[in-house]
Amino acid sequence: MKVRLIVDCRYGPPLRGTHRDRVVGVSKGKSRSRRSEQSMETGTIPHTELDGGINCYLTIESGQTYRWTRSDGELYAGSRAPEAWYELAIDGEVVRVRSTDDGLEWESTTDAEPILRRRLRLDDDLPAIVADAPDDTLVEDAYATHRGLRLVTDPPFDTLIAFICSAQMRVERINEMVTTLATEYGTQIEFDGRTYHDFPTPDQLAAATESELRDLGLGYRAPYVVETARMVADGEGHPADARDLPYEEAREYLTRFVGVGEKVADCICLFALEFDEAVPLDTWIRKAIATYYPDCDHGSYAKTSRAIRERFGGTYAGYAQTYVFHHLRTGEATVD
DNA sequence: CGCCAGGCCTTAC
DNA sequence: GTAAGGCATGGC
C-alpha cells in the first residue's frame, strides 16, 4: 500500500525534531492534485450506532461549518434535499455523505468513517446532552425542533479564517467566501471524475494579496485574512495552541490574530477546539439575551458571556447556543 | 433609498 | 475599561 504524507500546518505547528513535508512554493494556489489514480471506498454507519441520530442538513447548514458543499449546489438556499450528497475535501481526501433510511451513507477516496466521526462528532450522545439542558423554554424548544443537529469539529486554521470572514456577513455569503478561498488557493483533489479543493494551508493563503482578496469580495476582511495567514505561516502563533489552555484563556489567546475579537474567538473555541461551554455572543444571541434573558446582560462581553453560559447549563452551553442560534435565525422563535 | 448580516479596529476619554 | 465612528458587500 502506498503511503502518502499529507502534512500541512492547518492543524498545528510542526513538531520539533520530526520530519514533516510542508506545502510550499505555491503561487496563486494553482497547485496540482496529489492524487493521480482514483478509487472509491463506500460504507454506511447505521443510525442505531448514533445516539440521537444525525440530520446532515441541520448539522452542516446551521452556520457552524463552512467547509462543505452540496452536490446540487443549493447549500443555504433553504432547501432540504435528502438525496443530495454533502461533500468535504480535507487532508487530501474527499468525503461524500448523506443520510438514508439505513444510516449515514458515505463515498470517499479513503475509509471515511473516522473522518466523519471526528468532523460530525458522531460519538456525541445527543439525548444525554439534551437531558443535561437547563429547564428553559427557549432552549427546550430549540432542542425539540431541530433533532439530529450535531456540533462539528473543523480544523483550527480553517475555522480561524472562516470566522474572520464572518464579521457582519450572512451565513450564505460566508460559505461563498470560504468556498472561493478553497477554489482559488487550495490544493486540488481529483475524485470520481471531478475536481475538489482542500482549504488552503497558511502558506498558500499567506501568498495571497489584499487586493486579490478584495477582488474576491472579502471587503475589509481581506487584510485581516492575509495578515493572520502570515502570522500562522511564520509561526507567530497557531489557533490549535489554544487547545491546551483553560477555556477563557484560550479565547483570549485567539484574539492575537488580526480580525479576531472575543466573538470570533468563541466560535473557534466551539467549532474547532471542542470547548463545548463556549457561547459566542453574536447579534442573534444578543437579541435573545435582550428578549429572554435580560438579567444576563452585564455590559462587557466576558461578564455577559459568563452569565449566559451558566443559564445554558455550563458544560454543554455551546451546544444549547448552536440550537438557539439556528432556531432564531430560521425564524422559529422571535426576538424583539 | 435605508437597514441588516454569527464584528473588529482605531482612537479618544 | 468603555464608547464612538469607520469599514465592504449584497439582499431585501
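Note that this is a predicted model, so its numbers are computed, not measured. Below, chains carry the letters A, B, ... as their sequence lines are ordered, and counting in each starts from 1.
- Side-chain contact between A:Glu105 and A:Val97 is absent, with no heavy-atom pair separated by less than 4.5 Å.
- Here the side chains of A:Phe312 and A:Tyr319 are not in contact, with every heavy-atom distance at 4.5 Å or above.
- Between the OH atom of A:Tyr66 and the C1' atom of B:dA5 there is a distance of 11 Å, given to the nearest Å.
- Within residues 313-320 of chain A, no residue places a heavy atom under 4.0 Å from DNA chain B.
- Comparing B:dG2 with C:dG6, their P atoms sit 15 Å apart, to the nearest whole Å.
- Remark: A:Glu87 engages A:Arg194 in a salt bridge, criterion side-chain N to carboxylate O under 4.0 Å.
- Atom CZ of A:Arg329 is separated from atom P of B:dC4 by 18 Å (rounded to the nearest Å).
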Can you list the steps and then say if A:Arg311 with A:Asp136 is a salt bridge (Lys or Arg N to Asp or Glu O under 4.0 Å)?
CA-CA 9 Å; A:Arg311 187 65 54 93; A:Asp136 177 274; 5.8 Å; no
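- Salt bridge absent: A:Lys303 and A:Asp297 never bring a charged side-chain N and a carboxylate O closer than 4.0 Å.
- At a threshold of 4.0 Å, the pair A:Arg121-A:Asp124 counts as salt-bridged, since one of the basic side-chain nitrogens sits closer than that to a carboxylate oxygen.
- A close approach under 4.0 Å does occur between a side-chain nitrogen or oxygen of A:Arg214 and OP1 or OP2 of C:dA8.
- Between the CZ atom of A:Phe257 and the P atom of B:dC9 there is a distance of 12 Å, rounded to whole Å.
- The base of B:dG7 lies close enough to the side chain of A:Tyr220 for a donor and an acceptor atom to sit less than 3.5 Å apart.
- The stretch residues 137-170 of chain A touches DNA chain B through A:Ser166, A:Ala167, A:Gln168, A:Met169, A:Arg170, each having a heavy atom within less than 4.0 Å of the strand.
- A:Arg98 places a side-chain N or O within 3.5 Å of a backbone atom of A:Glu83 that can act as its donor or acceptor partner.
- Using cut-offs of 30° and 60° for the angle between ring planes, the A:Tyr86 and A:Trp68 rings count as perpendicular.
- Listed pair A:Lys287 / B:dA5 meets the phosphate criterion, a side-chain N or O lying under 4.0 Å from OP1 or OP2.
- Looking at which nucleotide of DNA chain B each of A:Phe325 and A:Thr255 is closest to, the 5′-most match is held by A:Phe325.
- If you check every strand for non-hydrogen atoms under 4.0 Å, A:Tyr301 touches nothing.
- Distances shown here put every side-chain N or O of A:Thr283 at or beyond 4.0 Å from the OP1 or OP2 atom of B:dC4.
- Residues A:Tyr316 and A:Val139 are members of one and the same hydrophobic cluster, defined by side-chain heavy-atom contacts under 4.5 angstrom among Ile, Leu, Val, Met, Phe, Trp and Tyr.
- For A:Tyr76 and C:dG11, the OH to C1' distance is 17 Å, given to the nearest whole Å.
- Between A:Leu254 atom CG and B:dG7 atom P the separation is 17 Å, expressed in whole Å.
- Between the P atoms of B:dT11 and C:dA8, the separation comes to 15 Å (whole Å).
- Taking atom CG of A:Leu218 as the reference point, atom P of B:dC8 lies 16 Å away to the nearest angstrom.
- Contact annotation for A:Gly261: backbone-only contact, meaning every heavy-atom pair under 4.0 Å involves sugar-phosphate atoms and none involves a base.
- Taking atom CD of residue A:Glu227 and atom P of nucleotide B:dC9, one finds them 11 Å apart after rounding to whole Å.
- The aromatic rings of A:His146 and A:His327 sit perpendicular, their planes meeting at an angle over 60°, well past the 30° parallel limit.
- Atom CZ of A:Arg286 is separated from atom P of B:dA5 by 12 Å (rounded to the nearest Å).
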